[in-house]
Peer 1: 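Take this structure, written in structure tokens, and hold onto it; I'll ask about it next.
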Protein chains: 2
Amino acid sequence: MIKPDAPIHPTTERDESAIVGKRKVTARDQSLEGAPYVITTRDIAERLGVSVSTVGRALADDPRISEETKFRVRQAASEMGYVGNRAARMMRGASSNVVALVIPDIRNSFYSTIAHELSKNMEAEGFQLMLSETDDDRMVELRHLRELSANRVAGVIIVPTARPHADSVKLLRTVPHLQLLRRHPSLGSQWFGVDDHEALRQATAHLVTLGHTRIAYLGGPEELPTGAERLRGFRSALREGGLPDDAGYTELGPPSSVEHGRDAVRRLLQGRDAPTALVLGSIQLTLGVLEELSEQGVKVPGELSVVGFGDEPGFSWWGPGLTTIGLPIQEMATGCALWLMRRLKTKPSNDGPYTSVSPGSLILRGSTAPPGGRAPSRSD
Amino acid sequence: MIKPDAPIHPTTERDESAIVGKRKVTARDQSLEGAPYVITTRDIAERLGVSVSTVGRALADDPRISEETKFRVRQAASEMGYVGNRAARMMRGASSNVVALVIPDIRNSFYSTIAHELSKNMEAEGFQLMLSETDDDRMVELRHLRELSANRVAGVIIVPTARPHADSVKLLRTVPHLQLLRRHPSLGSQWFGVDDHEALRQATAHLVTLGHTRIAYLGGPEELPTGAERLRGFRSALREGGLPDDAGYTELGPPSSVEHGRDAVRRLLQGRDAPTALVLGSIQLTLGVLEELSEQGVKVPGELSVVGFGDEPGFSWWGPGLTTIGLPIQEMATGCALWLMRRLKTKPSNDGPYTSVSPGSLILRGSTAPPGGRAPSRSD
DNA sequence: GCAGTTGGTGCTAACGTTAGCACGGAGTAA
DNA sequence: TTACTCCGTGCTAACGTTAGCACCAACTGC
């Protein structure tokens, strides 16, 4: 598959070939005995005594080629283990069949679900998936986009960092792309996301309705579009519930850090006037919080009501069952895949703005109750 | 990034260019107004009035080019947004910078951790990661390998299906590759894996030591190398404990199916003489089992002792804490990455067999105790 | 029997990049 | 002055594939 770096023999020397067994052996072959030698259309052509064009056309099932020739070519190609070289095809103007997914961290099951759905949908269309992790670092993001660009990927699905580098913006302008979850205005107006504001408004409203007044929020930084929206949703619910905006004990920080979740919840519970309820704004933070609460033996919902973010395996069996914000990950990922596949198959005319907002949904389990009290009879 | 399929203008027409503003505009450009036009070394050369060779060499930092020219070329390249075309470079004999990871399912956190570690280690070396999911289907696996082969990936890390297709074997022969976890003899002797036999032997021995005699095993099919090894390990421990081999209530089935885990444990617990202990042989099966046991309200370890497989977030807070088989995923992934990077950077001479076996480790928590009894005082 | 059509194939150029060779000018030694 | 070296650059071919055009033989219709 990789080209062995053997001395290059000019074409003219190819004529000094000899028949050994069934296969023409050229000077190049002799110098590579045993080493994996990549078969080209020319090898097939030489063996069958036809031209490269004929081989190419036979493999492309061109109607001008006779059935008999096609058969012989296919036979030979199969025997010799011919695999077309997409790099060469791309040079003739064909586009690549690779779509890149640029995300912060594949270990976040949110993103791995997306990767899976994309991969599944794209495989059916003959596309391959390139995976690039940014770790929420704009320079890493830039480096990846440069590589993707050099590899001429056909499309990009990206969960952008907070403030993408100017060069990243430039690079993305040259390739069909789609923002996922987070939306940065400079990266265009094709976006698939969640109604973060509404999701957090509902989650918080649920706690307000239960009678909580000291409600904490732990989420990603305002710098991130998702972080800002979720915080806004949280505050909206407080306001609607007649609570002061700044009644919130808000802790913002790296959204992908389980550790930060543990630290933050420890801090929140230490002070006097500790909150009686907690809303979370990221999956990883939720994981950290759950671990910490388990270890500290905090009584949920007795001492603290908790609403998580996302619905991971384990959330349902955590303590009394975690009330949480469910996200339509699968639907979103499928939507992205279909949009991009259609976009890549049709002419780039339909490049207008596109926005798809999926709603979150509150999943009621046992981790929320009136402050200090028992869980009310549940309706679900 | 993709080449717009506009009418192709022969080179000769390029001479009929005119200076518009600072940039030469050729016939090709005019036909593409607004559309993203990919910059080549030739565009830079024309703009600066030098040859393509000079541009190429300047960008490659060739010592023969004067510093002044290099500066001008780099300046122009940057301004015009030039991004080298790796497809063209590959045609000149360069290898690609893409390594493929072929796994059953990225949603399995085992594999997503591996993908993450690989990606991180490879990014530093300038490699990109291609992700291919097989869903444990050999035909899907084959289709992916064909595509990867056409794209001339530099290397492959694969968790093979039970019985890879003969063509898959052929394809893998032409590319440096590495088997991960599962090992199929036809795919060569480079392998990174876990000591499955020993891991399951220890886990089962732990239950035998506690006094259990009716121990069930739930794992992947014997067809898979890992499935076979784990089952062997389980049986070894039974034998060593003086229990008959077939004392095991063994349930084998699709290892990636959470649903199967739920169904299987339901069946195991229904019969008379239900087992008093259960050992698991896959992460996904463990997830299913934990969900089912939680829902049915089975008392652990009172009614049933459980040893899980892997250590997912959530395993520590499940019920009394899950005793489980911890796997050195990170170390293995890093090992794979380093091995492959070194393999790709050096000549293909060092292609000898290589095997790395990592040990699993039993993590003791609260889900195991003597049959019917309370957990003994824990030593950890 | 001859012009015209059709079916099957070959030749050639082109894609973007790179490496080998050639070339011209400036500088240096005899 | 002549011969030589060295520096910087240009020309050209090649990588594997595909598309346009040309070509030849066999057939068709008159």
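Just so we're on the same page: letters track the sequence lines, and every chain starts at 1.
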Peer 1: Atom CZ of R89(A) to atom C1' of dA14(C): distance rounded to whole Å?
Peer 2: 17 Å
Peer 1: Given atom CD of E46(B) and atom P of dG10(D), what is their separation to the nearest angstrom?
Peer 2: 13 Å
Peer 1: Is there a donor N/O on one and an acceptor N/O on the other, under 3.5 Å, for the side chain of R92(B) and the base of dA14(D)?
Peer 2: yes
Peer 1: One thing to verify: whether R138(B) and D167(B) come together as a salt bridge, which I'm taking to mean a side-chain N less than 4.0 angstrom from a carboxylate O.
Peer 2: no
Peer 1: State, without any angle test, whether N151(B) and Q128(A) hold a side-chain donor-acceptor pair at a distance under 3.5 Å.
Peer 2: no
Peer 1: Rounded to the nearest 0.5 Å, what separates atom CG in N85(B) from atom OG1 in T40(B)?
Peer 2: 9.5 Å
Peer 1: Provide, to the nearest angstrom, the distance between the CE atom belonging to M80(B) and the P atom belonging to dG16(C).
Peer 2: 13 Å
Peer 1: Can you tell me how far C1' of dT17(C) sits from CG of D61(B), to the nearest Å?
Peer 2: 17 Å
Peer 1: For M90(B) and dT17(C), what is the distance between atoms CE and P respectively, to the nearest whole Å?
Peer 2: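 In whole Å, dT17(C) P and M90(B) CE are 14 Å from each other.
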Peer 1: Distance check needed: dA19(D) C1' versus L59(A) CG, whole Å only.
Peer 2: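 Distance check: L59(A) CG to dA19(D) C1' gives 16 Å.
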Peer 1: Would you say the side chains of H116(B) and E133(A) form a donor-acceptor pair under 3.5 Å?
Peer 2: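 Yes, E133(A) and H116(B) have a side-chain donor paired with an acceptor closer than 3.5 Å.
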Peer 1: In this structure, how many angstroms lie between the C1' atom of dT17(D) and the CD1 atom of I39(A), rounded?
Peer 2: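 Whole-Å distance recorded here is 16 Å.
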Peer 1: Is the number of heavy atoms from other residues, nucleotides or ligands within 6.0 Å of OH (Y354(B)) greater than 12?
Peer 2: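 Atom OH in Y354(B) is packed in, count exceeds 12.
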Peer 1: Does the protein touch nucleotides 6-11 of chain C at the base, only the backbone, or not at all? Give it as B, S and - per nucleotide, heavy atoms under 4.0 Å.
Peer 2: --BBBB
Peer 1: Measure from the side-chain heavy atoms of M91(A) and tell me the nearest of dT17(C), dT17(D), dG16(C).
Peer 2: dG16(C)
Peer 1: Nearest whole Å is fine: how far is dA14(C) P from N85(B) CG?
Peer 2: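 It is 18 Å, rounded to the nearest whole Å.
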Peer 1: Return yes if some donor-acceptor pair links the side-chain N/O of H177(B) with the main-chain N/O of L187(B) below 3.5 Å, else return no.
Peer 2: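 Indeed, once roles are kept as given, a pair shorter than 3.5 Å links the two residues.
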